[in-house]
Amino acid sequence: MTATAAQMPQRPDLAGARVTFPRLVRAEWIKLRSIRSTVWCYLVLFVLSILMSVLPALVVNRSGTAVTGVDADSTVATINTISIHLTALVVAVLGVLIVSGEYGTGQIRSTFIADPRRLGATFAKALVLATTTFVISAASVWIGAFASAPILSSRHIDVNLGHSAVFLPILGGSVYVTLVALLAFGIGTLVRATAGGIAITLGLLLVVPGILSAIGVLTHTQWLLDVNQFLPSQAGAQLFAFSGDAHGVVVHAGGGAAAGGPADLTSPNIQLDGWQGFWVLLGEVVAVGIVAFTLTKRRDA
Amino acid sequence: MIEIQHLSKRYGSKLAVDDVSFTVQPGIVTGFLGPNGAGKSTTMRMIMGLDRPNAGTATINGAAYTSLRDPLRQVGALLEAKAVHTGRSAFNHLLALAATHGIPASRVDEVIHMTGLESVAKKRVGGFSLGMGQRLGIAVALLGDPQTLILDEPVNGLDPEGVLWVRQLCRYLASQGRTVFLSSHLMSEMAQTADHVVVLGRGRVLADAPIDQILSGAGGRSVTVRTPSPDQLVAALSAPDVTVRQAADGSLSVSGVSAEQVGEAAARAGVVLHELTPITASLEQAYLELTQDDVEYKSEVSQ
């Protein structure tokens with residue numbers, strides 16, 4: 001402007017500075033680990049998952065008779081997936097918080113100013129959430145499994161973590177927890193408010209199945225019971241249910257015999273297996289995700 | 001350069017920004033002035049791609065903000081203090097933003113130093129004062145060493161030393177050839193910082209001119225005169241384009257003539273003067289005149 005005008009400095013250190021997806025992932029990882037409450041949640045989750053495998057192992061099989069075969073596999077799988085019920089709730093809250101916290105504090109505007117296309121940052125956030133959740137869940141569950149194995153053996157239970165009937169549910173539990181985190185993330189992205197997001201997510205996981213099932217049974221409405229099987233928590237439960245014998249699954253679904261015979265109107269006709277449960281829940285996560293991402297792109301921040 | 005063309009934004013039934021067009025030139029500081037609720041922040045958010053306009057376009061050096069591959073390198077923005085997660089430290093906030101562009105951590109330390117945040121950089125932002133939040137916002141804006149700066153109310157909450165710092169920073173950045181666009185509802189602040197002013201009222205552009213022009217255009221100049229014989233002076237000054245008003249304290253406000261002309265007329269008529277003061281309209285007066293019909297929240301006690 002004037003004779004004294006300075007020049008804009010050359011910045012060789014900023015020469016390659018531009019947005020890329022790996023950089024957005026790195027940024028979201030920094031953000032995830034720099035919020036103290038998130039770190040604490042994961043820590044608590046880690047410790048509780050281990051304890052919830054070890055503590056039941058200390059009190060199981062009081063009679064001291066040898067447990068082998070399917071019964072042993074069922075016991076081992078069940079003990080090592082008890083924690084999933086709790087973990088799922090914790091990550092449901094975390095998944096909502098990780099995005100609603102940004103909207104609540106105004107951080108989201110900083111996020112979108114750095115990535116004005118928005119989808120990269122949102123995907124990166126989901127990826128970091130999913131990866132962290134899976135790694136921490138799997139690590140804690142397997143540490144718990146290996147820690148409880150000698151205890152169970154000492155109580156005359158035949159532990160075979162290598163049996164697919166055992167390790168698939170244990171692994172499936174972590175997959176379920178990860179999908180729940182992503183579902184919560186999608187709902188949080190849609191609702192953009194912490195209280196509402198958590199209420200909807202926990203309601204969907206905990207309350208809706210009970211209501212549908214109660215109404216279905218009371219009114220003898222078979223399709224309600226069948227629809228219930230496709231809800232995230234019901235479909236997802238098949239991911240970590242022991243399916244070494246048919247009765248194990250049915251008992252878990254909350255009613256009498258399902259296979260064959262006339263419907264007795266207190267239990268669903270439809271029974272998903274582990275893989276079907278996975279695909280149903282994954283489909284729901286993707287569906288919510290598509291709506292959430294579309295709105296994220298279009299809405300004012 | 002920021003170019004705004006026929007930009008409009010509607011929130012429900014309220015037209016927050018109404019067909020706004022103006023250009024912000026590089027190399028100077030452009031002020032964005034207007035009462036609360038005039039649409040300044042909304043306009044800035046639309047420039048930054050945060051809000052979608054109902055009509056019109058906003059471009060930065062010819063490109064829409066949302067199309068930029070290196071937005072932080074192109075534009076630095078302070079849109080509101082504390083657009084930051086309250087649970088995160090200032091350092092980590094800057095580090096995460098830098099990471100999105102691959103900006104080295106050394107630059108984070110640099111902007112922390114530039115904004116004087118060293119002592120609080122590792123503390124959580126939730127405990128920051130308004131002034132600290134503003135400094136962090138400015139650090140974010142400077143992070144990518146951008147060509148264009150958009151600062152919404154940057155001096156809000158700053159202490160006098162901070163205000164002076166922002167003023168000097170803006171002038172310095174503009175002197176480097178950057179585009180500097182800052183909003184304020186403080187007229188006095190603009191008078192000292194901006195070269196050019198865009199005045200907004202109720203979502204419309206009321207004025208878009210160099211600051212000198214805004215100042216001189218507002219009711220022109222006037223002269224305050226005190227005399228023991230006002231009637232004689234009024235008679236001596238009487239001319240078609242001269243108006244004289246008597247204030248409550250007995251002084252006269254004369255417009256349409258210069259102070260020299262008033263003095264000469266008084267001497268010719270033999271009128272004694274106790275005071276003869278030329279008055280330049282302040283930006284404050286100019287602003288009030290421009291926006292008096294366009295303020296959203298009018299208080300009844302004014303004047």
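Just so it is clear: chains get the letters A, B, ... in the order the sequence lines come, proteins before strands, and each one is counted from 1.
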Inter-residue atom distance B:Leu95.CG - A:Ile30.CD1, 0.5 Å rounding: 4.0 Å
B:Arg45 with A:Asp300: basic N within carboxylate O range, under 4.0 Å: no
Evaluation steps, side chain to side chain contact (heavy atoms under 4.5 Å, CB included), between A:Arg36 and B:Arg124: CA-CA 10 Å; A:Arg36 225 181 282 176; B:Arg124 285 191 286 176; 3.3 Å; yes
Heavy-atom pair with the smallest gap, counting every atom of A:Ile113 and B:Leu72: CG2-CD2, 4.0 Å
Residues from residues 49-63 of chain B approaching chain A under 4.5 Å (heavy atoms): B:Gly49, B:Leu50, B:Asp51, B:Arg52
Heavy-atom contact with chain B under 4.5 Å, split by part of A:Thr20: backbone
Contact check, side chains of A:Lys31 and B:His93, non-hydrogen atoms, under 4.5 Å: no
Heavy-atom contact with chain B under 4.5 Å, split by part of A:Arg298: both
Closest non-hydrogen atom pair, A:Ile35 against B:His85: CD1-ND1, 3.4 Å
Atom CZ of A:Phe134: over 12 foreign heavy atoms under 6.0 Å: yes
Backbone of A:Arg18 reached by a side-chain donor or acceptor of B:Arg73 within 3.5 Å: no
Most contacts with chain B, counted as non-hydrogen pairs under 4.5 angstrom, among A:Ala114, A:Ser37, A:Ala15: A:Ala114
Side-chain (A:Ser110) to main-chain (B:Val84) donor-acceptor, under 3.5 angstrom: no
Atom group of B:Gln74 that falls short of 4.5 Å from chain A, counting heavy atoms: neither
Interface residues of residues 101-110 of chain B facing chain A - heavy atom cut-off under 4.5 Å: B:His101, B:Gly102, B:Ile103, B:Pro104, B:Arg107, B:Glu110
Selection from B:Leu68, B:Thr100, B:Leu97 maximising heavy-atom pairs under 4.5 Å formed with chain A: B:Thr100
Donor-acceptor pair between B:Arg88 and A:Ser34 side chains, under 3.5 angstrom: yes
Max heavy-atom pair count under 4.5 Å with chain A, selected residue of B:Gly144, B:Pro71, B:Gly87: B:Pro71
Neighbour count above 12 (heavy atom, 6.0 Å) for A:Phe146 CZ: no
B:Arg69, CZ atom: more than 12 neighbouring heavy atoms under 6.0 Å: no
B:Leu79 side, atom CG; A:Arg109 side, atom CZ - distance, nearest 0.5 Å: 8.5 Å
Whether over 12 other heavy atoms sit under 6.0 Å from A:Lys297 NZ: yes
Best-contacting candidate, B:Ala96, B:Ala98, B:Ser89, B:Gly126, against chain A by heavy atom pairs under 4.5 angstrom: B:Ala96
